[in-house]
Amino acid sequence: MNRPQRVTDDLDRLLEVLPQVVQTCLATEAARDQLIEVVLDLGRVPEARYPARAVSLGAEPLGRLELAAVVERVGAFGGDNRAGIERTLHRISAIRNRSGEIVGLTCRVGRSVFGTVAMVRDLLDGGDSLLLMGRPGVGKTTALREIARVLADDLGKRVVVIDTSNEIAGDGDIPHPAIGRARRMQVARPELQHQVMIEAVENHMPEVIVIDEIGTELEAQAARTIAERGVMLVATAHGNELTNLIKNPTLCDLVGGIQSVTLGDEEARRRRTQKTVLERAADPTFPLAVEMHSRHRWLVHRDVARTVDLLLRGQSARPEIRELGAGGELRLQESPSPSPSQSQLRSPSRSPSPSKSAGLAPRPLSRPETPSIPPVGVEPACSSPAPAAPPLLRLYGVGISRSQLEQVGRARQLAVEVVGSVELADAVLSLRHELGRDPHVRRQAQQLGLPILVLKSAAQPQLQRAMERLLERHRQQHADPDSTAAPPCPQGDDAHAGLEECRLAVERVVLPHGQPVELLPRSPRVRLLQAELAGRYRLRTAEFGRGAEQRLRVFPA
C-alpha cells in the first residue's frame, strides 16, 4: 500500500551554528517550511533560499568575526571544501579566497524523506543496477538514502554506502539512522572514491553498493568492474536525461559507451545511411535508469540498452512516467511523446536534408480507445463508433509472481485482475516448466474450460503480449452476437487503421527484432501513407501482390 511521504530533519542543530540574526529570522515554522539552504557571504546580508524565491535575513552585512564563529562551530572541512554537523544530514560548503581563507558558506539543509522509494520500489526486487539522473537539488541524494535503507532493512541485502562527502549518512563516525542497517565507508579525499568502491567489494562482500555523484572516468570504470562481479549498483549522476550521459564522453560508459563504426558499401546501402555511424559499444553498466524531473515526477527507462540504440538511430525513446500524488498514490503512464532533445541525437553522418528537417522519429499516432492494442496483422476496429468498455479479464498465474503480472497490467492499463485461484479465473498464464510440476492446475483449468497460455519466460514484453492476446480473446467471447453495431469500415480505405498497423509492426517487430513484416492489403492511398511512415523510421518498404491483395512489406534498416 502506498503511503504519503514523511520528512524528518534536524533543522535546530543547523540553526545553532549560524549567526544569531539568522536564528531569529528563521525561528517560525513558516520561515523554515521548504527551506533549501542558507547562504553566508562576507560583506553581504545573509540569505535564505526556497524553491522559487530568496529572502534576506536581517539588514546588516556579515562580518569576518561572525563568519569565523560559524566555521569554528562546524566540523572540519575536507578536500572537497565540505563539512557537516555530526549525526545530521546537513552539508556546509565553503568558498575560499586566493589565500585559502573562507569568505563564504552555503549551508544546505539535509532532510530524510521516508516514502520516496515508492516511485521505484518494484525495480529493486530484480537486483538490476539502477542509475538516478537529475539536475542539482531535485532530490537524488535523498532518494539514494531511502533506497539504501529499504534494500538493507526491508529486503535484507548486504548494503555498503560509499559516502564521499558524508552527505548520504551524515557527518561523524556513526551513520545517520536514515540509511537503516546499511554500512557506510567514508572517503578521505574525493579523488579516491573509485579506489574505495573497489575496496568495498573486495573486503566487505556487499550485495549492493550505493554511490552518490559518479563524475569521473575512473569512477565510471570502477562501477563497470563492480557490476561485472555481480554486485548491484545504485548510483546518481548529474544530467537531466539519458541523452546527456550519451553525449558526455566521461560518463557515457555507464550506458554502454559510444563508438564510431564504418560500414561496408553494401551494408550502408541496405541501411540507407552513410558509411560512418554511431553504435553502442557494450552493455550498459546500469540496465535501469531514472530521470528525476522533479521530486514527484520521474521517468523510468526499463531497458537502457534498447533506449540508447533508439536514440543513436535518431528515434524517440518512450520511458514510463511515474508521478506520486499528495496521498502517496503512484500513477503510471507511458510517455506520450519524445522530448525535443532526443530527436536531435544522431550520428554526425546522418544529417537530414532540408526537406526532412523535422527529424527521423514520426509524430506519435493516437492510440486506440481500448486498453489493449491489437497485435500486428489483426485489423483494428474503425474509429467511427465508440467502442464498448472491455470486460475485465481475471487471470491466474502459474510460476509468475502476482506483483509482476499486476505491474504489467498497470503499466499498459490493461483491464486485467490477477486472482489467487483457478476457480476465480477466466484464463491461466503459465511458464512452460511450471505447468508440468502442477498437473492439478491443468486439470482444473480443463474442467472449467479455461484457456491456458504457456510462455517460455516471464520477461515483461512476453507477459505484455500474452496478456493482450488473452484480453482480446476474452473480449471476443463476450461480444454480443445480436449487437447492431455499425459495420466495419472498408479495409482499404481505413487510413487510421493502416497507419496504426504500420506503426505497431515497426515498433514491435522490425526495430526490436530486425525482422521484416508484411502488412494487410490496403488501398493505394493507404499504402503510400504507410510507406511514408516507415520512411520516417529510415526503413525500406516494397509492395507485393496484385489487385485487391496488394500490400506493403517493411524491411529492417
*Residue pairs passing the side chain to side chain donor-acceptor pair (under 3.5 Å) test where at least one lies in residues 71-81, sequence neighbours excluded*: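 As it turns out, the side chain to side chain donor-acceptor pair (under 3.5 Å) pairs with a partner in residues 71-81, which skip direct neighbours, are Asp80-Ser165, Asn81-Arg96.
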
Separation between [atom1] of [X] and [atom2] of [Y], rounded to the nearest 0.5 Å:
{"X": "His194", "Y": "Ile226", "atom1": "NE2", "atom2": "CD1", "value": "11.0 Å"}
{"X": "Thr236", "Y": "Leu144", "atom1": "OG1", "atom2": "CG", "value": "5.5 Å"}
{"X": "Leu332", "Y": "Leu330", "atom1": "CG", "atom2": "CG", "value": "4.5 Å"}
{"X": "Ile168", "Y": "Asp212", "atom1": "CD1", "atom2": "CG", "value": "4.5 Å"}
{"X": "His176", "Y": "His90", "atom1": "NE2", "atom2": "NE2", "value": "8.0 Å"}

Just by modelled atom types, is the [Y] backbone N or O under 3.5 Å from a matching donor or acceptor in the [X] side chain?
{"X": "Asn97", "Y": "Gly100", "result": "yes"}
{"X": "Lys140", "Y": "Gly134", "result": "yes"}
{"X": "Thr88", "Y": "Gly84", "result": "no"}
{"X": "Gln404", "Y": "Ile400", "result": "no"}
{"X": "Glu146", "Y": "Val117", "result": "no"}
{"X": "His204", "Y": "Pro206", "result": "no"}
{"X": "Asp10", "Y": "Leu14", "result": "no"}

| Does Arg108 come within less than 4.0 Å of Glu167, counting only side-chain N to carboxylate O? | no

Side-chain heavy atoms of [X] within contact of [Y], under 4.5 Å:
{"X": "Glu406", "Y": "Arg402", "result": "yes"}
{"X": "Pro46", "Y": "Leu40", "result": "yes"}
{"X": "Pro284", "Y": "Val308", "result": "no"}
{"X": "Leu130", "Y": "Ile147", "result": "yes"}
{"X": "Leu245", "Y": "Thr243", "result": "no"}
{"X": "Val55", "Y": "Tyr50", "result": "yes"}
{"X": "Leu395", "Y": "Val419", "result": "no"}

Quick one: do Arg49 and Glu47 satisfy salt bridge (Lys or Arg N to Asp or Glu O under 4.0 Å)? Show the steps, please. CA-CA 6 Å; Arg49 293 180 177 174; Glu47 187 177 78; 3.1 Å; yes

In sequence, state the C-alpha distance, the side-chain angles, and the governing distance for Arg87 and Asp171, and then conclude on salt bridge (Lys or Arg N to Asp or Glu O under 4.0 Å). CA-CA 6 Å; Arg87 303 206 71 181; Asp171 204 48; over 6 Å; no

Margin query: Walk me through whether Glu86 and Arg13 qualify under salt bridge (Lys or Arg N to Asp or Glu O under 4.0 Å).
Written below: CA-CA 9 Å; Glu86 189 168 358; Arg13 297 279 305 278; over 6 Å; no

Output all residues satisfying side-chain contact (heavy atoms from CB on, under 4.5 Å) with Asp173, sequence neighbours left out; order by chain, then residue number.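 Testing Asp173 for side-chain contact (heavy atoms from CB on, under 4.5 Å), a comparison that skips the adjacent residues, returns Gln186.
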
Applied to residues 116-130, the salt bridge (Lys or Arg N to Asp or Glu O under 4.0 Å) test, sequence neighbours excluded, yields Arg121-Asp125, Asp122-Arg302, Asp122-Arg322

For residues 20-30, the salt bridge (Lys or Arg N to Asp or Glu O under 4.0 Å) pairs (sequence neighbours left out) are none

Residues at least two apart in sequence or cross-chain that pass salt bridge (Lys or Arg N to Asp or Glu O under 4.0 Å) with Glu323, listed by chain then number, are Arg297, Arg331

Discussion item. The test is side-chain hydrogen bond (donor to acceptor under 3.5 Å, both in side chains); show your working for Glu291 and His301 and say whether it passes.
Written reply: CA-CA 8 Å; Glu291 299 175 6; His301 297 272; 2.8 Å; yes

Give the table of side-chain donor-acceptor pairs shorter than 3.5 Å for residues 151-160, with sequence neighbours excluded, one pair per line with atom names and distance.
| from | atom 1 | to | atom 2 | distance (Å) |
| --- | --- | --- | --- | --- |
| Asp153 | OD1 | Arg181 | N | 2.9 |
| Arg158 | NE | Met205 | O | 2.8 |
| Arg158 | NH2 | Met205 | O | 3.4 |

